[in-house]
Protein chains: 2
Amino acid sequence: MSLPAEGPTPLLVVDDDVKLCRLLRDYLEPLGYAVEAVHDGRSGLARALSGDHAAVILDLMLPGMNGLDVLRELRRESTLPVLMLTALGDEPDRIAGLELGADDYLPKTFSTRELLARLRAVLRRSAATRAAGGPEREAPVAVGGLWIDPGARSVTLDEKPLALTPVEFTLLLCLARSAGRVRSREQLLLEAADRDFESFDRSIDVHVSSLRKKLGDDAKEPRFIETVRGVGYRLRRPEAP
Amino acid sequence: MSLPAEGPTPLLVVDDDVKLCRLLRDYLEPLGYAVEAVHDGRSGLARALSGDHAAVILDLMLPGMNGLDVLRELRRESTLPVLMLTALGDEPDRIAGLELGADDYLPKTFSTRELLARLRAVLRRSAATRAAGGPEREAPVAVGGLWIDPGARSVTLDEKPLALTPVEFTLLLCLARSAGRVRSREQLLLEAADRDFESFDRSIDVHVSSLRKKLGDDAKEPRFIETVRGVGYRLRRPEAP
DNA sequence: GCCGGAAGGTAAAGGTTCGGTAAAGGTGGG
DNA sequence: CCCACCTTTACCGAACCTTTACCTTCCGGC
(Lines give C-alpha, C1' and ligand atoms only; values in the text may rest on other atoms or scores of the structure.)
Protein backbone atom coordinates (compact mmCIF):
# COMPACT_ATOMS: atom_id res chain seq x y z
CA MET A 1 0.00 0.00 0.00
CA SER A 2 1.38 3.34 -1.00
CA LEU A 3 0.37 6.31 1.02
CA PRO A 4 2.06 9.68 0.93
CA ALA A 5 4.66 9.84 3.64
CA GLU A 6 3.92 13.42 4.58
CA GLY A 7 0.96 15.71 4.99
CA PRO A 8 -2.45 15.21 6.52
CA THR A 9 -3.91 11.73 6.88
CA PRO A 10 -6.42 11.21 4.08
CA LEU A 11 -9.82 9.93 5.14
CA LEU A 12 -12.89 8.94 3.18
CA VAL A 13 -16.35 9.63 4.55
CA VAL A 14 -19.29 7.88 2.94
CA ASP A 15 -22.60 9.25 4.16
CA ASP A 16 -25.64 10.67 2.45
CA ASP A 17 -26.07 13.19 5.23
CA VAL A 18 -24.22 16.15 3.77
CA LYS A 19 -24.46 18.08 6.97
CA LEU A 20 -22.80 15.34 8.95
CA CYS A 21 -20.02 15.13 6.38
CA ARG A 22 -19.34 18.81 6.75
CA LEU A 23 -19.32 18.45 10.49
CA LEU A 24 -16.74 15.73 10.30
CA ARG A 25 -14.58 17.72 7.93
CA ASP A 26 -14.73 20.81 10.11
CA TYR A 27 -13.77 18.84 13.13
CA LEU A 28 -11.09 16.64 11.61
CA GLU A 29 -9.23 18.89 9.22
CA PRO A 30 -7.80 21.17 11.91
CA LEU A 31 -6.53 18.03 13.59
CA GLY A 32 -4.41 16.94 10.67
CA TYR A 33 -6.75 14.90 8.54
CA ALA A 34 -7.87 15.45 4.96
CA VAL A 35 -11.50 14.50 4.54
CA GLU A 36 -13.01 13.47 1.25
CA ALA A 37 -16.76 12.98 1.33
CA VAL A 38 -19.02 11.10 -1.04
CA HIS A 39 -22.71 10.57 -0.58
CA ASP A 40 -23.72 7.26 -2.10
CA GLY A 41 -22.59 3.71 -1.83
CA ARG A 42 -21.41 3.10 -5.32
CA SER A 43 -19.03 6.04 -5.49
CA GLY A 44 -18.03 5.26 -1.92
CA LEU A 45 -16.87 1.83 -2.97
CA ALA A 46 -15.06 3.19 -6.01
CA ARG A 47 -13.19 5.79 -3.97
CA ALA A 48 -12.42 3.35 -1.19
CA LEU A 49 -10.81 1.00 -3.69
CA SER A 50 -8.65 3.78 -5.10
CA GLY A 51 -6.09 3.34 -2.36
CA ASP A 52 -6.01 7.06 -1.73
CA HIS A 53 -7.12 6.91 1.88
CA ALA A 54 -5.87 5.70 5.21
CA ALA A 55 -9.34 4.78 6.49
CA VAL A 56 -13.05 5.03 5.73
CA ILE A 57 -15.90 6.21 7.87
CA LEU A 58 -18.87 4.41 6.41
CA ASP A 59 -22.55 4.95 7.07
CA LEU A 60 -24.62 1.83 6.84
CA MET A 61 -27.80 3.55 5.68
CA LEU A 62 -27.12 4.67 2.17
CA PRO A 63 -29.15 5.33 -0.94
CA GLY A 64 -28.47 3.02 -3.86
CA MET A 65 -25.92 0.61 -2.56
CA ASN A 66 -26.27 -0.40 1.08
CA GLY A 67 -23.34 0.22 3.42
CA LEU A 68 -23.05 -3.46 4.21
CA ASP A 69 -22.79 -4.26 0.53
CA VAL A 70 -20.13 -1.64 0.10
CA LEU A 71 -18.23 -3.18 2.96
CA ARG A 72 -18.57 -6.69 1.59
CA GLU A 73 -17.34 -5.66 -1.82
CA LEU A 74 -14.53 -3.61 -0.37
CA ARG A 75 -13.34 -6.55 1.70
CA ARG A 76 -12.90 -8.71 -1.38
CA GLU A 77 -10.02 -6.55 -2.41
CA SER A 78 -8.85 -4.46 0.44
CA THR A 79 -8.01 -4.40 4.10
CA LEU A 80 -8.52 -0.65 4.37
CA PRO A 81 -9.63 0.21 7.92
CA VAL A 82 -13.38 0.79 8.13
CA LEU A 83 -15.20 2.59 10.89
CA MET A 84 -18.92 2.17 10.46
CA LEU A 85 -21.60 4.54 11.56
CA THR A 86 -24.62 2.83 13.04
CA ALA A 87 -27.88 4.14 14.37
CA LEU A 88 -28.11 3.81 18.12
CA GLY A 89 -29.14 0.39 19.27
CA ASP A 90 -28.84 -1.09 15.83
CA GLU A 91 -27.22 -4.19 17.18
CA PRO A 92 -27.87 -6.54 14.22
CA ASP A 93 -26.21 -4.24 11.70
CA ARG A 94 -23.33 -3.65 14.01
CA ILE A 95 -22.70 -7.37 14.31
CA ALA A 96 -23.13 -7.94 10.60
CA GLY A 97 -20.71 -5.10 9.94
CA LEU A 98 -18.05 -6.44 12.26
CA GLU A 99 -18.42 -9.90 10.77
CA LEU A 100 -17.97 -8.48 7.31
CA GLY A 101 -14.69 -7.04 8.48
CA ALA A 102 -15.41 -3.58 9.76
CA ASP A 103 -12.74 -2.54 12.24
CA ASP A 104 -14.96 -0.71 14.67
CA TYR A 105 -18.30 1.01 14.84
CA LEU A 106 -19.35 4.45 15.91
CA PRO A 107 -22.83 5.20 17.21
CA LYS A 108 -24.44 8.01 15.24
CA THR A 109 -24.63 9.98 18.46
CA PHE A 110 -20.86 9.96 18.80
CA SER A 111 -18.97 12.63 20.62
CA THR A 112 -16.01 14.18 18.89
CA ARG A 113 -13.74 12.67 21.49
CA GLU A 114 -15.10 9.24 20.81
CA LEU A 115 -14.73 9.66 17.09
CA LEU A 116 -11.14 10.69 17.44
CA ALA A 117 -10.33 7.92 19.87
CA ARG A 118 -11.73 5.19 17.66
CA LEU A 119 -10.28 6.64 14.52
CA ARG A 120 -6.84 6.74 16.06
CA ALA A 121 -7.22 3.24 17.42
CA VAL A 122 -8.21 1.92 14.02
CA LEU A 123 -5.35 3.68 12.28
CA ARG A 124 -2.87 2.55 14.87
CA ARG A 125 -3.97 -1.04 14.54
CA SER A 126 -3.73 -0.97 10.79
CA ALA A 127 -0.30 0.61 10.97
CA ALA A 128 0.75 -2.07 13.41
CA THR A 129 -0.38 -4.98 11.25
CA ARG A 130 1.22 -3.41 8.26
CA ALA A 131 4.50 -3.00 10.10
CA ALA A 132 4.30 -6.51 11.49
CA GLY A 133 4.42 -8.02 8.04
CA GLY A 134 1.63 -6.84 5.88
CA PRO A 135 -2.04 -7.68 5.84
CA GLU A 136 -1.60 -10.82 7.90
CA ARG A 137 -5.04 -12.29 7.73
CA GLU A 138 -5.57 -14.63 10.60
CA ALA A 139 -7.36 -17.82 9.77
CA PRO A 140 -10.41 -18.75 11.76
CA VAL A 141 -10.12 -21.70 14.10
CA ALA A 142 -12.70 -24.45 14.36
CA VAL A 143 -12.66 -27.12 17.02
CA GLY A 144 -15.47 -29.13 18.52
CA GLY A 145 -18.55 -27.11 17.75
CA LEU A 146 -16.61 -23.90 18.14
CA TRP A 147 -15.93 -21.43 15.39
CA ILE A 148 -13.53 -18.67 16.31
CA ASP A 149 -12.85 -15.85 13.90
CA PRO A 150 -9.90 -13.71 14.96
CA GLY A 151 -10.61 -11.11 12.31
CA ALA A 152 -14.14 -10.44 13.44
CA ARG A 153 -13.37 -11.37 17.03
CA SER A 154 -16.51 -13.44 17.03
CA VAL A 155 -17.26 -16.90 18.36
CA THR A 156 -20.07 -19.25 17.62
CA LEU A 157 -20.87 -22.44 19.45
CA ASP A 158 -22.95 -24.92 17.45
CA GLU A 159 -23.88 -22.10 15.07
CA LYS A 160 -25.04 -19.83 17.89
CA PRO A 161 -23.08 -16.65 18.60
CA LEU A 162 -21.48 -16.17 21.98
CA ALA A 163 -20.86 -12.85 23.68
CA LEU A 164 -17.38 -12.95 25.15
CA THR A 165 -15.35 -10.25 26.81
CA PRO A 166 -11.99 -9.35 25.25
CA VAL A 167 -9.94 -11.42 27.67
CA GLU A 168 -12.28 -14.36 27.38
CA PHE A 169 -12.06 -14.22 23.63
CA THR A 170 -8.30 -14.12 23.50
CA LEU A 171 -8.08 -16.80 26.12
CA LEU A 172 -10.32 -19.09 24.13
CA LEU A 173 -8.49 -18.33 20.90
CA CYS A 174 -5.21 -19.09 22.55
CA LEU A 175 -6.49 -22.40 23.86
CA ALA A 176 -8.05 -23.27 20.53
CA ARG A 177 -4.87 -22.57 18.61
CA SER A 178 -3.11 -25.16 20.66
CA ALA A 179 -6.05 -27.50 21.01
CA GLY A 180 -4.98 -30.79 22.49
CA ARG A 181 -1.92 -29.34 24.18
CA VAL A 182 -1.66 -27.93 27.67
CA ARG A 183 -1.05 -24.26 28.19
CA SER A 184 0.22 -22.94 31.48
CA ARG A 185 -1.45 -20.15 33.38
CA GLU A 186 1.65 -18.10 32.67
CA GLN A 187 1.29 -18.40 28.93
CA LEU A 188 -2.42 -17.81 29.01
CA LEU A 189 -2.19 -14.76 31.18
CA LEU A 190 0.55 -13.32 29.05
CA GLU A 191 -1.30 -13.85 25.79
CA ALA A 192 -4.80 -13.07 26.93
CA ALA A 193 -4.19 -10.22 29.33
CA ASP A 194 -0.61 -9.21 28.51
CA ARG A 195 0.32 -9.51 32.14
CA ASP A 196 3.02 -11.28 34.08
CA PHE A 197 2.09 -14.10 36.34
CA GLU A 198 2.95 -14.14 39.98
CA SER A 199 2.01 -16.81 42.41
CA PHE A 200 -1.46 -16.76 43.84
CA ASP A 201 -2.76 -15.03 40.74
CA ARG A 202 -6.15 -16.61 40.19
CA SER A 203 -7.45 -14.43 37.43
CA ILE A 204 -6.98 -17.03 34.71
CA ASP A 205 -8.96 -19.49 36.79
CA VAL A 206 -11.74 -16.97 37.10
CA HIS A 207 -11.78 -16.25 33.39
CA VAL A 208 -11.83 -19.93 32.64
CA SER A 209 -14.70 -20.33 35.03
CA SER A 210 -16.82 -17.70 33.33
CA LEU A 211 -15.82 -18.98 29.91
CA ARG A 212 -17.00 -22.40 30.91
CA LYS A 213 -20.26 -20.95 32.06
CA LYS A 214 -20.80 -19.29 28.71
CA LEU A 215 -19.81 -22.42 26.85
CA GLY A 216 -22.20 -24.46 28.96
CA ASP A 217 -19.19 -26.43 30.09
CA ASP A 218 -18.88 -28.43 33.27
CA ALA A 219 -15.55 -28.30 35.03
CA LYS A 220 -15.71 -31.96 35.97
CA GLU A 221 -16.80 -33.46 32.67
CA PRO A 222 -15.81 -30.75 30.25
CA ARG A 223 -16.74 -30.78 26.61
CA PHE A 224 -14.20 -28.05 25.95
CA ILE A 225 -11.84 -26.76 28.59
CA GLU A 226 -10.05 -29.39 30.61
CA THR A 227 -8.13 -28.63 33.75
CA VAL A 228 -4.66 -30.12 33.93
CA ARG A 229 -3.89 -30.06 37.58
CA GLY A 230 -0.66 -28.41 38.56
CA VAL A 231 -0.09 -27.13 35.05
CA GLY A 232 -2.85 -25.25 33.36
CA TYR A 233 -5.65 -25.81 30.90
CA ARG A 234 -6.20 -27.63 27.66
CA LEU A 235 -8.90 -27.41 25.03
CA ARG A 236 -10.20 -30.83 24.11
CA ARG A 237 -9.67 -31.87 20.57
CA PRO A 238 -12.51 -34.01 19.29
CA GLU A 239 -11.56 -37.66 18.87
CA ALA A 240 -10.06 -38.41 15.47
CA PRO A 241 -10.97 -41.93 14.38
CA MET B 1 10.75 -31.52 4.93
CA SER B 2 13.00 -31.11 1.95
CA LEU B 3 12.10 -28.39 -0.45
CA PRO B 4 14.44 -26.95 -3.03
CA ALA B 5 16.15 -23.93 -1.58
CA GLU B 6 15.89 -21.96 -4.78
CA GLY B 7 13.41 -21.37 -7.56
CA PRO B 8 9.67 -20.88 -7.57
CA THR B 9 7.52 -22.02 -4.66
CA PRO B 10 5.88 -25.29 -5.67
CA LEU B 11 2.14 -25.46 -5.13
CA LEU B 12 -0.37 -28.23 -5.65
CA VAL B 13 -3.87 -27.45 -6.88
CA VAL B 14 -6.50 -30.14 -6.53
CA ASP B 15 -9.68 -29.23 -8.38
CA ASP B 16 -11.76 -30.96 -11.00
CA ASP B 17 -12.49 -27.64 -12.67
CA VAL B 18 -9.76 -27.60 -15.28
CA LYS B 19 -10.51 -24.06 -16.24
CA LEU B 20 -10.06 -22.82 -12.70
CA CYS B 21 -6.77 -24.67 -12.45
CA ARG B 22 -5.50 -22.97 -15.55
CA LEU B 23 -6.64 -19.63 -14.19
CA LEU B 24 -4.70 -20.20 -11.00
CA ARG B 25 -1.61 -21.27 -12.86
CA ASP B 26 -1.73 -18.26 -15.18
CA TYR B 27 -2.08 -15.95 -12.26
CA LEU B 28 0.39 -17.53 -9.88
CA GLU B 29 3.26 -18.59 -12.09
CA PRO B 30 4.32 -15.06 -13.05
CA LEU B 31 4.40 -14.29 -9.33
CA GLY B 32 6.99 -16.90 -8.53
CA TYR B 33 4.98 -20.02 -7.90
CA ALA B 34 5.08 -23.32 -9.73
CA VAL B 35 1.62 -24.81 -10.00
CA GLU B 36 0.97 -28.49 -10.38
CA ALA B 37 -2.68 -29.34 -10.97
CA VAL B 38 -4.49 -32.64 -10.54
CA HIS B 39 -8.18 -33.16 -10.98
CA ASP B 40 -9.34 -35.89 -8.66
CA GLY B 41 -9.07 -36.63 -4.97
CA ARG B 42 -7.07 -39.80 -5.09
CA SER B 43 -4.21 -38.44 -7.15
CA GLY B 44 -4.44 -35.24 -5.14
CA LEU B 45 -3.73 -37.15 -1.97
CA ALA B 46 -0.91 -39.08 -3.58
CA ARG B 47 0.77 -35.95 -4.87
CA ALA B 48 0.23 -34.07 -1.62
CA LEU B 49 1.98 -36.84 0.29
CA SER B 50 4.95 -36.74 -2.05
CA GLY B 51 6.49 -33.84 -0.16
CA ASP B 52 7.13 -31.98 -3.37
CA HIS B 53 5.03 -28.94 -2.52
CA ALA B 54 5.00 -26.03 -0.14
CA ALA B 55 1.20 -25.88 0.09
CA VAL B 56 -1.99 -27.26 -1.39
CA ILE B 57 -5.05 -25.50 -2.67
CA LEU B 58 -7.77 -28.07 -2.27
CA ASP B 59 -11.30 -28.03 -3.61
CA LEU B 60 -13.80 -29.75 -1.36
CA MET B 61 -16.13 -30.86 -4.15
CA LEU B 62 -14.27 -33.56 -5.98
CA PRO B 63 -15.19 -36.60 -8.00
CA GLY B 64 -14.17 -39.93 -6.54
CA MET B 65 -12.57 -39.04 -3.25
CA ASN B 66 -14.11 -36.13 -1.42
CA GLY B 67 -11.90 -33.19 -0.51
CA LEU B 68 -12.61 -33.67 3.17
CA ASP B 69 -11.47 -37.27 2.94
CA VAL B 70 -8.34 -36.19 1.17
CA LEU B 71 -7.69 -33.72 3.94
CA ARG B 72 -8.30 -36.27 6.66
CA GLU B 73 -5.97 -38.79 5.09
CA LEU B 74 -3.34 -36.17 4.42
CA ARG B 75 -3.40 -35.03 8.05
CA ARG B 76 -2.55 -38.50 9.24
CA GLU B 77 0.87 -38.12 7.74
CA SER B 78 1.59 -34.54 7.02
CA THR B 79 1.35 -30.98 8.24
CA LEU B 80 1.51 -29.54 4.75
CA PRO B 81 -0.38 -26.23 4.64
CA VAL B 82 -3.82 -26.61 3.10
CA LEU B 83 -5.96 -23.82 1.71
CA MET B 84 -9.40 -25.14 0.92
CA LEU B 85 -11.78 -23.85 -1.69
CA THR B 86 -15.38 -23.71 -0.53
CA ALA B 87 -18.56 -22.68 -2.23
CA LEU B 88 -19.85 -19.40 -0.91
CA GLY B 89 -21.91 -19.81 2.21
CA ASP B 90 -20.96 -23.40 2.62
CA GLU B 91 -20.40 -22.93 6.29
CA PRO B 92 -20.63 -26.61 7.35
CA ASP B 93 -17.90 -27.71 4.98
CA ARG B 94 -15.74 -24.84 6.01
CA ILE B 95 -16.04 -25.78 9.63
CA ALA B 96 -15.43 -29.44 8.92
CA GLY B 97 -12.39 -28.52 6.88
CA LEU B 98 -10.83 -26.35 9.52
CA GLU B 99 -11.53 -28.96 12.17
CA LEU B 100 -9.75 -31.51 10.08
CA GLY B 101 -6.73 -29.29 10.03
CA ALA B 102 -7.05 -27.06 7.01
CA ASP B 103 -5.07 -23.88 7.52
CA ASP B 104 -7.51 -21.48 5.94
CA TYR B 105 -10.33 -21.39 3.46
CA LEU B 106 -10.97 -19.43 0.32
CA PRO B 107 -14.45 -18.69 -1.02
CA LYS B 108 -14.84 -19.87 -4.59
CA THR B 109 -15.53 -16.30 -5.60
CA PHE B 110 -12.12 -15.18 -4.44
CA SER B 111 -10.33 -12.23 -5.86
CA THR B 112 -6.76 -12.68 -6.92
CA ARG B 113 -5.63 -10.33 -4.19
CA GLU B 114 -7.40 -12.37 -1.62
CA LEU B 115 -5.94 -15.57 -2.93
CA LEU B 116 -2.46 -14.19 -2.80
CA ALA B 117 -2.90 -12.71 0.66
CA ARG B 118 -4.17 -15.94 2.15
CA LEU B 119 -1.63 -18.03 0.38
CA ARG B 120 1.17 -15.88 1.68
CA ALA B 121 -0.29 -15.88 5.18
CA VAL B 122 -0.50 -19.66 5.19
CA LEU B 123 3.03 -20.08 3.91
CA ARG B 124 4.38 -17.58 6.37
CA ARG B 125 2.67 -19.25 9.28
CA SER B 126 3.91 -22.66 8.31
CA ALA B 127 7.44 -21.35 7.95
CA ALA B 128 7.14 -19.74 11.35
CA THR B 129 5.92 -22.83 13.14
CA ARG B 130 8.55 -24.90 11.48
CA ALA B 131 11.30 -22.50 12.52
CA ALA B 132 10.10 -21.78 16.04
CA GLY B 133 7.68 -24.37 17.34
CA GLY B 134 9.20 -27.30 15.59
CA PRO B 135 12.33 -28.37 17.42
CA GLU B 136 11.32 -26.71 20.66
CA ARG B 137 8.33 -28.93 21.23
CA GLU B 138 8.95 -31.95 23.40
CA ALA B 139 8.59 -35.14 21.48
CA PRO B 140 6.14 -37.77 22.62
CA VAL B 141 7.58 -41.02 23.89
CA ALA B 142 6.28 -44.39 22.77
CA VAL B 143 7.28 -47.61 24.51
CA GLY B 144 5.42 -50.88 24.71
CA GLY B 145 1.78 -49.99 24.27
CA LEU B 146 2.38 -46.67 25.99
CA TRP B 147 2.15 -43.33 24.32
CA ILE B 148 3.26 -40.41 26.44
CA ASP B 149 2.76 -36.91 25.11
CA PRO B 150 4.46 -34.21 27.20
CA GLY B 151 2.84 -31.40 25.22
CA ALA B 152 -0.64 -32.64 25.85
CA ARG B 153 0.36 -34.10 29.18
CA SER B 154 -1.60 -37.17 28.29
CA VAL B 155 -0.92 -40.88 28.31
CA THR B 156 -2.60 -43.65 26.42
CA LEU B 157 -2.15 -47.34 27.01
CA ASP B 158 -3.08 -49.47 24.02
CA GLU B 159 -4.98 -46.49 22.58
CA LYS B 160 -6.97 -45.97 25.78
CA PRO B 161 -6.40 -42.77 27.75
CA LEU B 162 -5.12 -42.99 31.31
CA ALA B 163 -5.82 -40.46 34.05
CA LEU B 164 -2.60 -39.86 35.94
CA THR B 165 -1.80 -37.43 38.72
CA PRO B 166 0.99 -34.91 38.17
CA VAL B 167 3.62 -36.90 40.01
CA GLU B 168 2.57 -40.13 38.39
CA PHE B 169 2.79 -38.55 34.97
CA THR B 170 6.23 -37.11 35.48
CA LEU B 171 7.40 -40.31 37.07
CA LEU B 172 6.25 -42.37 34.14
CA LEU B 173 7.70 -39.92 31.64
CA CYS B 174 10.99 -40.01 33.45
CA LEU B 175 11.05 -43.79 33.43
CA ALA B 176 10.02 -43.94 29.79
CA ARG B 177 12.74 -41.56 28.71
CA SER B 178 15.30 -43.91 30.11
CA ALA B 179 13.48 -47.09 29.21
CA GLY B 180 15.68 -50.12 29.73
CA ARG B 181 17.90 -48.40 32.28
CA VAL B 182 17.48 -48.35 36.03
CA ARG B 183 16.69 -45.14 37.83
CA SER B 184 17.26 -44.67 41.52
CA ARG B 185 14.58 -43.49 43.91
CA GLU B 186 16.67 -40.39 44.43
CA GLN B 187 16.56 -39.42 40.78
CA LEU B 188 12.91 -40.26 40.43
CA LEU B 189 11.88 -38.32 43.48
CA LEU B 190 13.88 -35.34 42.41
CA GLU B 191 12.48 -35.26 38.91
CA ALA B 192 8.91 -36.22 39.65
CA ALA B 193 8.31 -34.43 42.91
CA ASP B 194 11.21 -31.99 43.07
CA ARG B 195 12.08 -33.24 46.50
CA ASP B 196 15.18 -34.54 48.20
CA PHE B 197 15.35 -38.10 49.25
CA GLU B 198 16.03 -39.15 52.78
CA SER B 199 16.15 -42.67 54.04
CA PHE B 200 12.90 -44.43 54.77
CA ASP B 201 11.12 -42.24 52.24
CA ARG B 202 8.62 -44.58 50.67
CA SER B 203 6.69 -42.14 48.58
CA ILE B 204 8.20 -43.24 45.28
CA ASP B 205 7.25 -46.80 46.09
CA VAL B 206 3.71 -45.70 46.70
CA HIS B 207 3.55 -43.75 43.47
CA VAL B 208 4.95 -46.68 41.56
CA SER B 209 2.36 -48.87 43.16
CA SER B 210 -0.55 -46.73 42.07
CA LEU B 211 0.99 -46.28 38.65
CA ARG B 212 1.17 -50.03 38.28
CA LYS B 213 -2.44 -50.29 39.31
CA LYS B 214 -3.47 -47.83 36.64
CA LEU B 215 -1.32 -49.55 34.06
CA GLY B 216 -2.83 -52.89 34.98
CA ASP B 217 0.66 -53.97 35.89
CA ASP B 218 1.61 -56.73 38.28
CA ALA B 219 4.60 -56.09 40.50
CA LYS B 220 5.73 -59.68 40.21
CA GLU B 221 5.46 -60.17 36.47
CA PRO B 222 5.46 -56.61 35.25
CA ARG B 223 4.72 -55.65 31.68
CA PHE B 224 6.06 -52.17 32.33
CA ILE B 225 7.68 -51.17 35.59
CA GLU B 226 10.27 -53.56 36.93
CA THR B 227 11.65 -53.36 40.45
CA VAL B 228 15.41 -53.50 40.72
CA ARG B 229 15.95 -54.56 44.25
CA GLY B 230 18.24 -52.33 46.25
CA VAL B 231 18.44 -49.75 43.47
CA GLY B 232 15.24 -48.44 42.00
CA TYR B 233 12.95 -48.99 39.06
CA ARG B 234 13.21 -49.60 35.36
CA LEU B 235 10.72 -49.40 32.53
CA ARG B 236 10.85 -52.49 30.35
CA ARG B 237 11.79 -51.94 26.80
CA PRO B 238 9.90 -54.29 24.49
CA GLU B 239 12.01 -57.22 23.27
CA ALA B 240 13.90 -56.65 20.07
CA PRO B 241 14.06 -60.01 18.35
C1' DG C 1 15.33 -76.06 55.03
C1' DC C 2 14.64 -72.57 58.47
C1' DC C 3 15.17 -67.91 60.45
C1' DG C 4 15.64 -63.09 60.62
C1' DG C 5 16.12 -58.91 58.81
C1' DA C 6 15.96 -55.85 55.01
C1' DA C 7 13.43 -54.36 50.95
C1' DG C 8 9.44 -53.74 48.63
C1' DG C 9 3.96 -53.78 47.91
C1' DT C 10 -0.04 -51.56 49.12
C1' DA C 11 -4.19 -49.93 51.80
C1' DA C 12 -5.59 -46.36 54.57
C1' DA C 13 -5.16 -42.06 57.15
C1' DG C 14 -3.76 -37.28 57.61
C1' DG C 15 -2.72 -33.02 56.13
C1' DT C 16 -1.80 -30.03 52.44
C1' DT C 17 -2.36 -27.95 48.11
C1' DC C 18 -5.03 -26.87 44.23
C1' DG C 19 -8.89 -25.38 41.61
C1' DG C 20 -14.02 -23.79 41.20
C1' DT C 21 -16.67 -20.11 42.00
C1' DA C 22 -19.32 -16.30 44.25
C1' DA C 23 -18.74 -11.89 45.59
C1' DA C 24 -16.23 -7.75 46.62
C1' DG C 25 -13.06 -4.21 44.96
C1' DG C 26 -11.02 -1.49 41.54
C1' DT C 27 -10.58 0.85 37.03
C1' DG C 28 -11.47 3.18 32.78
C1' DG C 29 -14.38 4.74 29.17
C1' DG C 30 -18.75 6.78 28.07
C1' DC D 1 -22.15 8.58 37.79
C1' DC D 2 -22.89 4.22 35.56
C1' DC D 3 -21.52 0.26 33.21
C1' DA D 4 -18.72 -3.40 31.77
C1' DC D 5 -14.92 -5.57 32.72
C1' DC D 6 -10.82 -7.39 35.09
C1' DT D 7 -8.67 -8.62 39.31
C1' DT D 8 -8.54 -9.94 44.05
C1' DT D 9 -10.33 -12.19 47.94
C1' DA D 10 -12.39 -15.84 50.45
C1' DC D 11 -14.33 -20.19 51.22
C1' DC D 12 -15.10 -24.89 50.18
C1' DG D 13 -14.58 -29.34 48.45
C1' DA D 14 -11.85 -32.50 45.98
C1' DA D 15 -7.58 -34.29 44.50
C1' DC D 16 -3.24 -35.24 45.78
C1' DC D 17 1.14 -36.49 48.26
C1' DT D 18 3.24 -38.33 52.11
C1' DT D 19 3.37 -41.03 56.09
C1' DT D 20 2.26 -44.92 58.59
C1' DA D 21 1.36 -49.60 59.25
C1' DC D 22 1.13 -54.18 58.12
C1' DC D 23 2.26 -57.76 54.85
C1' DT D 24 4.85 -60.41 51.60
C1' DT D 25 9.05 -61.44 49.32
C1' DC D 26 13.81 -61.92 48.97
C1' DC D 27 18.27 -63.39 50.51
C1' DG D 28 22.14 -64.54 53.34
C1' DG D 29 23.54 -67.26 57.34
C1' DC D 30 22.81 -71.12 60.01
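Letters go in sequence order (proteins before strands), and every chain restarts at 1.
A salt bridge does not link A/R237 with B/D149: every distance from a Lys NZ or Arg NE/NH1/NH2 to an Asp or Glu carboxylate oxygen is 4.0 Å or more. Under the 4.0 Å criterion applied to side-chain N and carboxylate O atoms, A/E36 and A/R25 are not assigned as salt-bridge partners. Using a 4.0 Å cut-off between charged nitrogen and carboxylate oxygen, B/D103 and B/R118 do not count as a salt-bridge pair. The pair A/D17-A/R22 does not meet the salt-bridge criterion, since no charged nitrogen lies less than 4.0 angstrom from a carboxylate oxygen. Using a 4.0 Å cut-off between a side-chain N of Lys or Arg and a carboxylate O of Asp or Glu, B/R212 and B/D218 do not qualify as a salt bridge.
Regarding A/L188, its CG atom lies at a distance of 13 Å from the P atom of D/dT7, rounded to whole Å. Following rounding to the nearest Å, A/H207 (NE2) and D/dT8 (P) show an atom-to-atom distance of 9 Å. Rounded to whole angstrom, the span from the CG atom of A/L164 across to the C1' atom of D/dC6 amounts to 15 Å. Whole-Å rounding puts the A/D205 CG to D/dT8 P distance at 12 Å. Rounded to whole Å, atom C1' of C/dG20 lies 15 Å from atom CG of A/L215. Rounded to a whole Å, the CG atom of A/D201 is 13 Å from the P atom of C/dG19. With rounding to whole Å, A/F169 atom CZ is found 13 Å from D/dC6 atom P. For the pair A/R185 CZ and D/dT7 C1', the computed distance is 15 Å after rounding to whole Å.
Between the side chain of A/R212 and the base of C/dG20, no donor-acceptor pair of N or O atoms lies under 3.5 Å.
Taking side-chain N and O atoms only, B/K213 has a distance below 4.0 Å to OP1 or OP2 of C/dA11. Between B/K220 and C/dG8, a side-chain N or O to OP1/OP2 separation shorter than 4.0 Å is absent.
Among the heavy atoms of the strands lying under 4.0 Å from A/T165 are primed sugar atoms or P, OP1, OP2 only; no base atom is included. Heavy atoms of A/T227 sit under 4.0 angstrom from primed sugar atoms or phosphate atoms, though from no base atom.
Listed nucleotides D/dT19, D/dA15, D/dC17 differ in distance to B/P166; the shortest reach to its side chain belongs to D/dC17. Taking the side chain of A/Y233 as heavy atoms from C-beta on, and the options D/dT19, D/dT8, C/dG20, the nearest nucleotide is C/dG20. Which of C/dT10, D/dT18, D/dC5 sits closest to the side chain of B/R202 comes down to C/dT10. Distances from the side chain of A/R229 to the nucleotides C/dG30, D/dC16, D/dC26 place D/dC16 closest. Taking only side-chain atoms of B/V206, from C-beta outward, the nucleotide of D/dT19, D/dC17, D/dC6 with the closest atom is D/dT19.
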